[in-house]
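Report on the structure given below.
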There are 2 protein chains.
Amino acid sequence: MKKEILQIALVQFANEGYEGASLGKIAEAVGIKKPSIYAHYAGKDELFLSALTYALERERSHLGCYFKQMKEEPLENLLRGYFNWFIQDLEGNDHMKFILRTMYFPPARLENEIGELINPLFDSMHRHFTRVMRERERRENILYSDDFSSCALAFITVIEGTITELVYSGEAAYLKRYEAVWPIFWRGLVRA
Amino acid sequence: MKKEILQIALVQFANEGYEGASLGKIAEAVGIKKPSIYAHYAGKDELFLSALTYALERERSHLGCYFKQMKEEPLENLLRGYFNWFIQDLEGNDHMKFILRTMYFPPARLENEIGELINPLFDSMHRHFTRVMRERERRENILYSDDFSSCALAFITVIEGTITELVYSGEAAYLKRYEAVWPIFWRGLVRA
DNA sequence: GTTCACCTTCCTAACGGTCGTTAGTCTACT
DNA sequence: AGTAGACTAACGACCGTTAGGAAGGTGAAC
């Protein structure tokens, strides 16, 4: 039951925001009364931060899973495949929406705690891609630049530009952006 | 006074969101009492949509201004300069934050009206950049692809990936992303 | 095996506070 | 005289939260 509350709250927070989501509506969606939530969570803040921690942890393991799965793939497949990785699991869409919404527009009062939760994920993402660039470069020797950190940051930038479109317009527009930006990005990344 | 209310409301909506911003706090920031707002706006919804219309109109003229100013510049300068164009005027930061927040995470009840307001701006942005790509290509003959629409979409994707970082982390991180992504994007866009 | 205390988890009722909104009034300028 | 724009007062609705109690399960003591 505790987990059901969390998962439903996560969806509500993703679509309505911290202020817009209400414990009453969450409870109703779960099928219980509002005060019953307090048997599991100390209050709205704790529920929110628990949902965020859960979504981040799931995303982190998701990420590690992907890198493990693509360990032997060439760089091009690894980067390109990452675009499809998101739209694979459907409920991950709500998770990503929740994370993006919370990191871009956090409720002011929880800004510090949220930053301490979210920043590590994006740091680790950056480190992962930096390492991958360096390792693959040693194997494949194709990159134009040897500033792997910048290359990784550029990739993350492109990823975020397309993901926001996934949140905004849905999968079709997302794929259109991917098809537009990927060939250009890849051409710019590797040697002529 | 009507305009003062609107501008202060815009900042509040940008930083707190539709649900998070309250008419009481807006009135206080303006220096009047809450019900006085109703002498100028029919309610919270109208104030919100007025602020959005204002921000969009200002952004649209801002955009037109930029293209006029860069009419004779080569494509590289025109695209590259666009990254600096945002951080030029400081209050534009709140405008952009407001627009992005509203387009990505609109209050559910106003979603349709908001879409009808925002979509034209991004359509016009896409058309502008598509036209610029085509015109400059005729002059400079440097682009790798002749799918100008896709090139424009790719550029907008990169822009959005960096702008979201401007909203999230501020100017320093924004510039870092720009410096990472621009050389790669430009190399991928033009012929070797 | 029964009893009893305890804990969990749900409930109803209600609190204080804030929200957006309306009614009605006063003031000042046209 | 009339209108625009500010005010005070107050409305009902909803918010997060707390108090207090009922139902059910668990586990130790007898």
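Atoms considered below: every heavy atom in the structure, side chains included; atoms not considered: hydrogens, waters and symmetry mates.
Dashed line: the shortest gap from a side-chain N or O of B:S36 to OP1 or OP2 of D:dG5 is not under 4.0 Å. Applying the 4.0 Å criterion to OP1 and OP2 of D:dG16, one finds that A:K44 has a side-chain N or O inside that range.
Residue A:A39 has its side chain nearest to C:dT9 when only C:dA23, C:dT9, C:dA13 are considered. Of all nucleotides listed (C:dT12, C:dT22, C:dC19), C:dC19 comes nearest to the side chain of B:K25. Distances were taken from every side-chain heavy atom of B:K33 (C-beta onward) to each of D:dT8, D:dA6, C:dC10; the shortest belongs to D:dT8. Of the candidates D:dC15, C:dT22, C:dG20, D:dC15 carries the atom nearest the A:S22 side chain, counting heavy atoms from C-beta on.
In this entry the distance linking CD of B:E28 with P of D:dC7 reads 12 Å, nearest Å. Nucleotide C:dG17 holds its C1' atom 17 Å from the CG atom of B:L23, rounded to whole Å. The CD1 atom of A:I37 sits 13 Å away from the P atom of D:dT18 (whole-angstrom rounding). When the C1' atom of C:dC10 is taken as reference, atom CD1 of A:I5 falls 10 Å away, rounded to whole Å. Atom-to-atom, NZ of B:K2 to P of D:dA4 comes out at 12 Å; the value is rounded to the nearest Å. Nucleotide C:dT8 holds its C1' atom 13 Å from the CD1 atom of A:I32, rounded to whole Å. Rounding to whole angstrom units, OH of residue B:Y41 and P of D:dA4 are separated by 16 Å. Atom CD of B:E16 and atom C1' of C:dC19 are 15 Å apart (whole Å).
Aromatic ring orientation, B:W182 versus B:W186: parallel (interplanar angle below 30°, classes split at 30° and 60°).
Among the heavy atoms of the strands, none lies under 4.0 Å from A:A27.
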Chi angles and distances behind the ring pair (Phe, Tyr, Trp, His ring centres under 6.0 Å) call for A:Y82, A:F129: CA-CA 11 Å; A:Y82 196 63; A:F129 279 110; 5.2 Å; yes
Item to check | Residue pair B:R109, B:Y18: steps toward the side chain to side chain donor-acceptor pair (under 3.5 Å) verdict | outcome: CA-CA 11 Å; B:R109 194 164 35 82; B:Y18 177 84; 3.1 Å; yes
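Nucleotides of DNA chain C nearest to A:H40 and A:K34 differ in position, and the one nearer the 5' end is that of A:H40.
Distance CG/A:L175 to CD1/A:I87: 4.5 Å, rounded to 0.5 Å.
Residues A:A180 and A:P183 share a closest heavy-atom pair of O-CD, 3.7 Å.
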